[in-house]
Amino acid sequence: MKQLFYFILLLAGFSSIYSCKDMLDEDGSPLLDLNDNTGLNGPRALYREITDSDTIAEYRYNGLLLSKVITDSASITDVMYSGDRVSKITFNGFLDMDNNGYVDADSISYTQLFTYNGNGRLETISENRTVFRRPDPVPPSTTPGPQTLLRKTKTLYNIKYSASTSKLDSIIMRTGEDVSGTPFDYTNYSKTAYTYLGDNVSAVERHYGPMAGGIMGAAVTKYGYEYINYDTQISPFTLLPTAYKISSLLATESNDLRSYILSPNSPKRVSVTDLTQPVPMPAVFSTDYNYDAQTYMTKGFGVNYIYKPL
């Protein structure tokens, strides 16, 4: 239930804030002016996601390719390529891993390697993650100690596609703690299934459970997400690489709520449900969107999307 409470805080917070900032990019060039609705002409890139109080994400590019993302607490995601395919993503910074609505004090670093099948579709993501924590002060000192190793994990994501539609069908995660001197084994899993209405993700269901000796046990945690009343305009996330979007969804469990970023359009209604409850009751949130003259979405759920010309 704590994770569901976090989802409620997340969407309620986004829906209560609005920004009318005029923005410049890192070079001082003007961006889309939110105070009119003229938008940009020609090729564009998603540059920032902002609220009235903070920048949620800032996207940097090397030519036409996304190369760096700056998020909360100056966290840095670096995106690397083999040709035009994402081959490696590294993250160094802070995440909300306990789903309480606040970025943790623990520092996190991870590296993800991407492999593709013969048709060029993403097939697996292998991740090595390290978590560091500052120990409590030792009296009489009131200063926490330096960041020290807390744990290391290895995770493998297998990505499946529908044979009939070629759309993303499911992601199976296997993860375990990597302890020095101990044989490694996957100890937990999750299964995520995607449902579509046209080209848009309409529902996502994710189950979590334990595993041992390669055998998955019964799921103990289950969440369902629904996305309805899609618009017909262009989602800002269509401008980001699919491999990066999948990676960002996998960064934390709560990020599944944002699975609509895989869609070409934007849902006006989002819900999340704890499916383990005797009578599952969805928490439902709605929004209206603003668009620019080129029909790109510029505001929704209290978040403003800033573009830059390419």
Side-chain angles (χ1 to χ4, degrees), residues 1-19 21 26 46-60 66 68-79 89-112 125 127-137 142-153 155 173 175 177 188 190 206 208 221 223 225 236-237 240 244-261 270 272 283 285 300-306:
M1 286 299 291
K2 183 175 73 171
Q3 184 172 338
L4 181 58
F5 178 67
Y6 167 67
F7 293 141
I8 295 172
L9 289 177
L10 178 68
L11 278 178
F14 280 178
S15 299
S16 65
I17 45 185
Y18 176 74
S19 174
K21 297 179 181 178
E26 66 269 27
L46 178 60
Y47 180 57
R48 280 180 179 162
E49 300 175 49
I50 65 171
T51 69
D52 206 28
S53 59
D54 203 359
T55 297
I56 299 173
E58 180 173 309
Y59 301 92
R60 301 287 181 88
L66 177 69
K68 186 183 298 289
V69 184
I70 304 171
T71 50
D72 203 347
S73 302
S75 300
I76 303 292
T77 302
D78 287 304
V79 185
I89 286 179
T90 62
F91 174 88
N92 292 283
F94 303 88
L95 296 168
D96 178 16
M97 297 301 298
D98 58 8
N99 304 316
N100 67 354
Y102 300 95
V103 173
D104 298 348
D106 297 341
S107 172
I108 293 176
S109 297
Y110 63 74
T111 298
Q112 295 174 333
I125 303 174
E127 177 186 289
N128 289 307
R129 182 175 296 213
T130 305
V131 181
F132 300 91
R133 175 172 293 176
R134 299 186 68 180
D136 294 334
T142 58
T143 303
Q147 293 275 7
T148 57
L149 177 64
L150 179 64
R151 65 180 176 273
K152 299 172 70 176
T153 58
T155 304
M173 178 199 75
T175 189
E177 192 163 346
N188 292 280
S190 74
R206 189 169 186 179
Y208 302 84
T221 304
Y223 284 98
Y225 312 86
F237 300 105
L240 300 176
Y244 167 77
K245 290 186 284 188
I246 292 175
S247 170
S248 70
L249 294 176
L250 299 176
T252 72
E253 293 179 4
S254 59
N255 280 1
D256 283 324
L257 179 67
R258 303 180 73 242
S259 294
Y260 56 82
I261 69 175
V270 175
V272 55
F285 302 89
F301 288 110
V303 179
N304 292 278
Y305 298 89
I306 314 301

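Values below: all heavy atoms of this structure, side chains included; hydrogens, waters and symmetry mates excluded.
Note that CG of L249 is 4.0 Å distant from CD1 of I261, once rounded to the nearest 0.5 Å. Between the CD1 atom in I70 and the CG atom in D78 there is a gap of 9.5 Å [rounded to 0.5 Å]. Separation of atoms OH (Y47) and CZ (R60) is listed at 5.0 Å; rounding is to 0.5 Å. Atom CG in N128 sits 12.5 Å away from atom OG1 in T90 (nearest 0.5 Å). Rounded to the nearest 0.5 Å, atoms OG1 (T252) and CG (D96) are 6.5 Å apart. To the nearest 0.5 Å, the span separating NZ on K245 from CZ on R258 amounts to 11.0 Å.
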Exercise. Can you list the steps and then say if I108 with M97 is a side-chain contact (heavy atoms from CB on, under 4.5 Å)?
Worked result: CA-CA 10 Å; I108 293 176; M97 297 301 298; 3.5 Å; yes

Problem set entry | Residues L95, Y110; criterion side-chain contact (heavy atoms from CB on, under 4.5 Å); working and verdict | CA-CA 11 Å; L95 296 168; Y110 63 74; 4.2 Å; yes

For this session: Walk me through it: do Y223 and D256 pass the test side-chain contact (heavy atoms from CB on, under 4.5 Å)?
Result: CA-CA 9 Å; Y223 284 98; D256 283 324; over 6 Å; no

Exercise. What's the verdict on side-chain hydrogen bond (donor to acceptor under 3.5 Å, both in side chains) for S107 and Q147, showing C-alpha distance, side-chain angles and the deciding distance?
Worked result: CA-CA 8 Å; S107 172; Q147 293 275 7; 4.9 Å; no

Problem set entry | Test log, rule side-chain hydrogen bond (donor to acceptor under 3.5 Å, both in side chains), inputs T55 and R48 | CA-CA 7 Å; T55 297; R48 280 180 179 162; 4.9 Å; no

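Here the shortest heavy-atom pairing between R129 and L250 reads NH2-O, 4.2 Å. When every heavy atom of S73 is checked against every heavy atom of V103, the shortest pair comes out as OG-CG1, 4.2 Å. Between S109 and N92, the shortest heavy-atom distance links the atoms OG-OD1, 2.7 Å. Between P146 and P135, the closest heavy-atom pair is O-CD, 3.2 Å. In terms of heavy atoms, T77 sits closest to F91 at OG1-CD1, 3.3 Å.
When each of I89, N255, V69 is tested with S247 by the rule side chain to side chain contact (heavy atoms under 4.5 Å, CB included), just one qualifies, namely I89.
Annotation: side chain of Y208 is not in contact with side chain of N188 (no heavy-atom distance under 4.5 Å). Annotation: side chain of M173 is in contact with side chain of R206 (closest heavy-atom distance under 4.5 Å).
R133 places no side-chain N or O within donor-acceptor distance of the main-chain N or O of L150, the cut-off being under 3.5 Å.
Using a 30° and 60° split on the angle between ring planes, F237 and Y260 fall in the perpendicular class, above 60°.
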